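Both backbone and side-chain heavy atoms feed into the values below; hydrogens, waters and symmetry mates do not. So you know, we letter chains A, B, ... as the sequences are listed, proteins then strands, and number each from 1. As the structure is a computational prediction, the values presented were derived from the model and not from experiment.
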Amino acid sequence: MSAPQLRHVGLNLRGSDLIEPSEAAIGIYGFWIFLMSDAVLFALLFAIYGTQLSATAGAPGPQAEFKIGPAFIETLLLLTSSLTFGLASIAMKYDRTRTGLVVLLCFTLVLGLAFLGFELNDFQTMFANGATPDRSGFLSAFFALVPTHGLHVTAGCIWIAVMLVQIGVFGLDDRVKLNLLRLGLFWHFLDIIWIGIFSVVYLQGILR
Amino acid sequence: MSGDELWYWLFGRLDAKALPFVRAYDHPVLSEFIGAGAGAMVVIGAVGVVALLTYMRWWRPLFLDWLTSLDHKKIGVMYVVIAGVMLTRALIEAVLMRTQQSLAINAPGIVAPEHFAQLFSTHGTIMIFFMAMPFLTGLINYVVPLQIGARDVAFPLLNSISLMLTAGGAGLVMISLAIGEFSTGGWSGYPPYTGKAFQPGVGPDYWIWAVTLTSLGTTFSGLNFAATIYKKRCPGMHLMRMPLFSWTALCTSILMIFAMPPLTLATALLALDRYADFHFFTNDLGGNMMNYVNLFWLFGHPEVYIIVLPAFGVYSEVISAFSSKELYGYTSLVLATMAIGVLSFTVWLHHFFTMGQSANINAVFGIATMTIGIPTGVKVYDWIWTMFRGEVRFTTQMLFSLAFIVTFVLGGFSGILLAVPPIDYVVHNTVFLVAHFHNVIIPGTLFGMIAGYQYWFPKAFGFRLVEGWGKISFVCWVVGFYLAFMPLYVLGLGGMARRSQALFEPDYRPWLIVAVVGAFLLLTALATLFVQLVVSVRERERNRVPVGDPWDARSLEWSVSAPPPEYNFATIPQVGRRDAFYWRKAARGAYKPADHYRDITVPKNSWVGPFVGLGGAACGFGLVWHIWWMTILGFAGVWITVVVRSFVRDTHRVIPAAEVEATDRRWLDQAASAHPIPRRLEESPENFGLAEPFPAPVPA
């Protein structure tokens with residue numbers, strides 16, 4: 001009989017002797033529940049955005065303010081960062097050295113920061129055009145939904161940085177691995193939310 | 001920098017006028033004196049606690065044994081303590097409001113309109129967020145891991161953080177008595193009235209940040225309990241073998257996970273409106289207050305079931321234990337619980353039938369609302385059938401359960417009335433509604449929590465609460481409730497608007513006087529509950545139940561000593577069927593040593609929870625008064641604490657097997673030397689916590 005495999009609702013790691021399976025399962029499971037709760041938050045922000053679409057109150061509206069170019073670049077950056085994080089997770093599982101993992105995490109971090117840079121630039125442009133949240137219900141909803149995602153990405157970037165330090169300090173111990181699995185879920189979750197934002201906010205706003 | 005600028009930099013918009021004592025000095029009227037008196041009580045209370053802790057040299061144990069503890073049992077007890085303190089304040093406020101209304105018929109009464117509005121706002125906010133929620137969270141925390149055979153919750157540190165966030169929110173509400181003022185916008189805080197245009201002061205900000213802190217804490221609690229119940233059950237404890245309290249805890253946790261985000265969002269967006277000139281809920285520039293109302297009740301209705309379901313769980317346990325029968329219709333109770341959980345998300349609109357939807361939409365939500373009556377009715381019948389031909393003992397817990405069944409059904413009936421939109425239009429915003437929701441929440445939550453407190457107290461502290469004072473308290477609670485709230489039905493049908501500071505209809509007077517008598521009786525009831533606690537502590541030697549099973553109960557939490565060891569179970573139990581402990585007792589298999597004992601790993605104490613709670617409260621206080629350095633410090637403090645903690649690797653300690661074995665054998669010796677007592681001696685000093693199984697097992 002082989003030892004029971006490590007099975008939980010995240011990426012299953014090899015070498016199950018490192019983490020006690022039930023502990024890992026609980027840790028990942030709890031984080032799924034957290035994401036579910038967070039998803040409710042975003043769902044409601046989307047709903048509010050939907051109800052406020054026409055509440056422009058004379059201030060600049062979607063067509064005037066949304067630019068497909070930067071939004072598309074942001075999408076590419078974030079999707080690519082999800083790919084690099086996925087590769088990082090695979091590296092954690094199969095690569096015996098830590099180099100692959102660290103390099104890929106650094107890539108992810110850079111892509112995330114680049115995304116934030118582009119997004120901040122977007123906001124700055126909008127502010128320069130007088131599209132500020134105090135002008136209308138629509139802009140309020142926009143500046144609640146999109147920056148909430150941005151804040152999540154910021155938190156994710158800080159988290160990646162912390163994890164890089166922890167890999168340096170502790171190597172790949174159980175808790176580092178578990179936290180990287182959780183961080184991975186978080187990062188991919190933000191990607192999914194961004195796809196929603198790109199489709200519902202930017203594409204819909206430009207095509208209307 | 002001028003003096004004013006420096007002041008603003010250091011203290012934001014705090015000034016001398018923020019202190020109720022200064023306000024009372026400037027305007028020496030009764031209403032201000034009452035406010036100053038309340039503020040003084042907070043200050044004196046705080047000073048008194050500090051003095052007591054210092055005098056008794058309790059600071060070290062307070063921090064090292066309690067505040068930093070990650071033990072789910074201690075965290076549960078601390079939650080209940082918060083609930084007790086906050087209940088006291090909110091009940092005094094209720095008495096003050098009833099007094100005002102009984103006096104202010106064509107007369108000014110004793111509190112000014114602004115003051116009265118703060119009273120009903122804090123009363124509601126506290127009773128829901130800082131009484132009902134901590135109470136039930138405390139009971140769940142204490143009981144559920146024991147019931148499902150676990151050593152702790154899934155995330156002990158997160159548990160401590162939840163507690164401290166809730167404590168931080170409660171602290172903000174208490175501080176608002178002594179510094180500044182509270183919102184006048186009711187517990188639901190509807191904008192635009194709570195927006196900047198109408199209330200530029202600090203009141204709504206206190207409400208926003210207190211509620212936000214506890215809302216986050218509750219989300220984490222829900223997450224924690226759900227993960228615990230799904231993942232930490234002992235071998236053999238299938239879902240359908242869990243005690244019913246654990247089922248209701250699971251359902252409540254799921255509701256918390258889904259229903260708290262709307263509240264967090266509602267308060268966050270309202271804060272954006274107030275702090276950053278956003279236009280979510282303002283009257284101008286495209287704001288839409290209906291979004292707030294929908295968000296709030298998207299939380300608010302499930303919240304009703306968050307606070308009611310655990311009480312249903314308590315009643316299920318109590319009625320089964322004190323009838324010496326297994327729960328009737330277990331499966332139907334589980335299904336009814338989960339059905340209520342689902343339906344609770346489909347009825348939120350009935351909180352605002354009159355706000356302009358079409359009649360068809362109102363009809364849909366009205367019908368959905370009435371549907372909830374069906375699973376609830378199923379439960380009532382199940383409880384009645386559980387008692388049928390049982391060995392029913394009328395202990396305090398059981399009396400509360402019986403009073404609940406009758407009273408809650410009455411409240412349910414008035415709820416069915418209100419679910420009919422045309423009737424709702426007529427009695428909308430009257431005290432009929434006030435009577436209705438008190439009629440369901442008081443029996444449906446408070447009585448349940450008190451019953452649970454009486455039921456599990458011996459488990460937590462090793463001695464029973466005295467019955468005499470319990471029964472006196474019970475009579476006061478129930479009679480007080482009927483006197484205080486039945487008149488409100490009459491007054492509501494007579495057209496009396498809720499939240500009225502002054503009244504102009506002399507015919508209301510007799511009913512209002514009955515109601516104020518009821519309110520004072522309820523305050524007496526609370527006082528007698530505290531007397532019961534004090535007397536019980538004094539007489540604890542007479543009422544010790546160290547063996548741990550004073551009521552001949554059926555689930556696993558009774559299978560360990562009272563109080564249980566830190567790790568709950570010396571060996572993780574194996575479960576073969578429902579009511580595991582009962583069947584183990586019947587088969588003479590209880591109180592047996594384990595084959596061999598192992599080392600047990602438990603989490604070390606941690607300061608993370610207290611730091612996060614303190615940081616959160618400081619952040620909130622800074623936001624309320626625009627003291628930005630404090631806001632930043634608090635916020636950064638929270639996150640730095642969390643990040644630093646992630647670098648701590650030494651988080652657990654091991655209790656050696658020998659120590660576990662010694663503790664277990666000591667307890668087993670106690671059990672062996674105790675005399676098993678039959679149910680009729682349950683309330684006598686002979687009850688040492690070892691029950692003679694009932695019905696007595698037939699000799700083979």
Enquirer: Is the number of heavy atoms from other residues, nucleotides or ligands within 6.0 Å of CZ (B/F635) greater than 12?
Expert: no
Enquirer: Check the side chains of B/N291 and A/T51 for a donor-acceptor pair under 3.5 angstrom, ignoring hydrogens and angles.
Expert: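 Distance-only check passes for A/T51 and B/N291.
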Enquirer: Given heavy-atom pairs under 4.5 angstrom as the criterion, report whether the side chain, backbone, both or neither of B/F281 touches chain A.
Expert: neither
Enquirer: Quick check on the interface: out of B/L158, B/N294, B/D284, B/L295, who has the most heavy-atom pairs with chain A under 4.5 Å?
Expert: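 Among B/L158, B/N294, B/D284, B/L295, the one with the most close pairs to chain A is B/L295.
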Enquirer: When only pairs under 4.5 Å are counted, which of A/G137, A/G58, A/S140 shares the most heavy-atom pairs with chain B?
Expert: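 The candidate making the most pairs under 4.5 Å is A/S140.
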Enquirer: Quick one: do A/D134 and B/L285 satisfy side-chain contact (heavy atoms from CB on, under 4.5 Å)? Show the steps, please.
Expert: CA-CA 8 Å; A/D134 56 344; B/L285 297 177; over 6 Å; no
Enquirer: Is the closest side-chain heavy-atom distance between B/F647 and A/V165 below 4.5 Å?
Expert: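 With C-beta onward as the side chain, the pair touches.
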Enquirer: Could you report the tightest heavy-atom contact between A/V40 and B/P261, atom names first, then the distance?
Expert: CG1-CB, 3.9 Å
Enquirer: Roughly how far, to the nearest 0.5 Å, is CG of B/L223 from CZ of A/F31?
Expert: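 Between A/F31 CZ and B/L223 CG, I get 9.5 Å after rounding to 0.5 Å.
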Enquirer: So which heavy atom on A/A55 is nearest to which on B/G286, and how close?
Expert: CB-O, 3.5 Å
Enquirer: Check each atom of A/Q166 against the heavy atoms of chain B and say whether the ones under 4.5 Å are side chain, backbone, both or neither.
Expert: both
Enquirer: Given a strict heavy-atom distance threshold of 4.5 Å, which part of B/S646 is in contact with chain A: side chain, backbone, both, or neither?
Expert: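 Both parts, heavy atoms under 4.5 Å.
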Enquirer: Any side-chain heavy atom of A/I48 within less than 4.5 Å of one from B/F280?
Expert: yes
Enquirer: Under 4.5 Å from any heavy atom of chain B, what part of A/L45 do you find: side chain, backbone, both or neither?
Expert: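 Both backbone and side chain.
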Enquirer: For residues A/D173 and B/R649, determine if any side-chain heavy atom of one lies less than 4.5 Å from a side-chain heavy atom of the other.
Expert: yes
Enquirer: Please check if atom OH in B/Y190 has more than 12 non-hydrogen atoms from other residues, nucleotides or ligands closer than 6.0 Å.
Expert: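 Yes, because the 6.0 Å sphere around OH of B/Y190 holds more than 12 heavy atoms from other groups.
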Enquirer: Are there more than 12 heavy atoms of other residues, nucleotides or ligands under 6.0 Å from atom CD of A/Q63?
Expert: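 Enclosed: over 12 neighbouring heavy atoms sit under 6.0 Å from CD of A/Q63.
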Enquirer: Does any backbone or side-chain atom of A/S136 lie under 4.5 Å from a heavy atom of chain B? Answer side chain, backbone, both or neither.
Expert: both
Enquirer: How about B/F155 and A/I26: do any of their side-chain heavy atoms sit closer than 4.5 Å?
Expert: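 Yes; the side chains approach each other to less than 4.5 Å.
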Enquirer: How close do B/A227 and A/I33 get, heavy atom to heavy atom, and via which atoms?
Expert: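 In terms of heavy atoms, the two residues are closest at N-CD1, 4.0 Å.
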Enquirer: I need the residue from B/A276, B/A259, B/P262, B/G287 with the largest number of non-hydrogen atom pairs under 4.5 Å to chain A.
Expert: B/P262
Enquirer: Heavy-atom cut-off 4.5 Å, strictly under: side chain, backbone, both or neither for A/F170 against chain B?
Expert: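 A/F170 touches chain B through side-chain heavy atoms alone.
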Enquirer: Within a reach of under 6.0 Å around CZ of A/F66, are more than 12 heavy atoms found that belong to other residues, nucleotides or ligands?
Expert: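 Enclosed.
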Enquirer: For B/H279, does its backbone N or O pair with a side-chain atom of A/R135 as donor and acceptor, under 3.5 Å?
Expert: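 No, A/R135 side chain to B/H279 backbone: no donor-acceptor pair under 3.5 Å.
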Enquirer: Could you report the tightest heavy-atom contact between B/T219 and A/S37, atom names first, then the distance?
Expert: CG2-OG, 3.3 Å
Enquirer: Does OH in B/Y193 sit with more than 12 non-hydrogen atoms of other residues, nucleotides or ligands closer than 6.0 Å?
Expert: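 It does: B/Y193 OH has more than 12 such atoms within range.
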Enquirer: Tell me, for B/S253 versus chain A, whether the close heavy atoms (under 4.5 Å) come from the side chain, the backbone, both or neither.
Expert: neither
Enquirer: Tell me whether the count of non-hydrogen atoms from other residues, nucleotides or ligands lying under 6.0 Å of CZ in B/F345 goes above 12.
Expert: yes
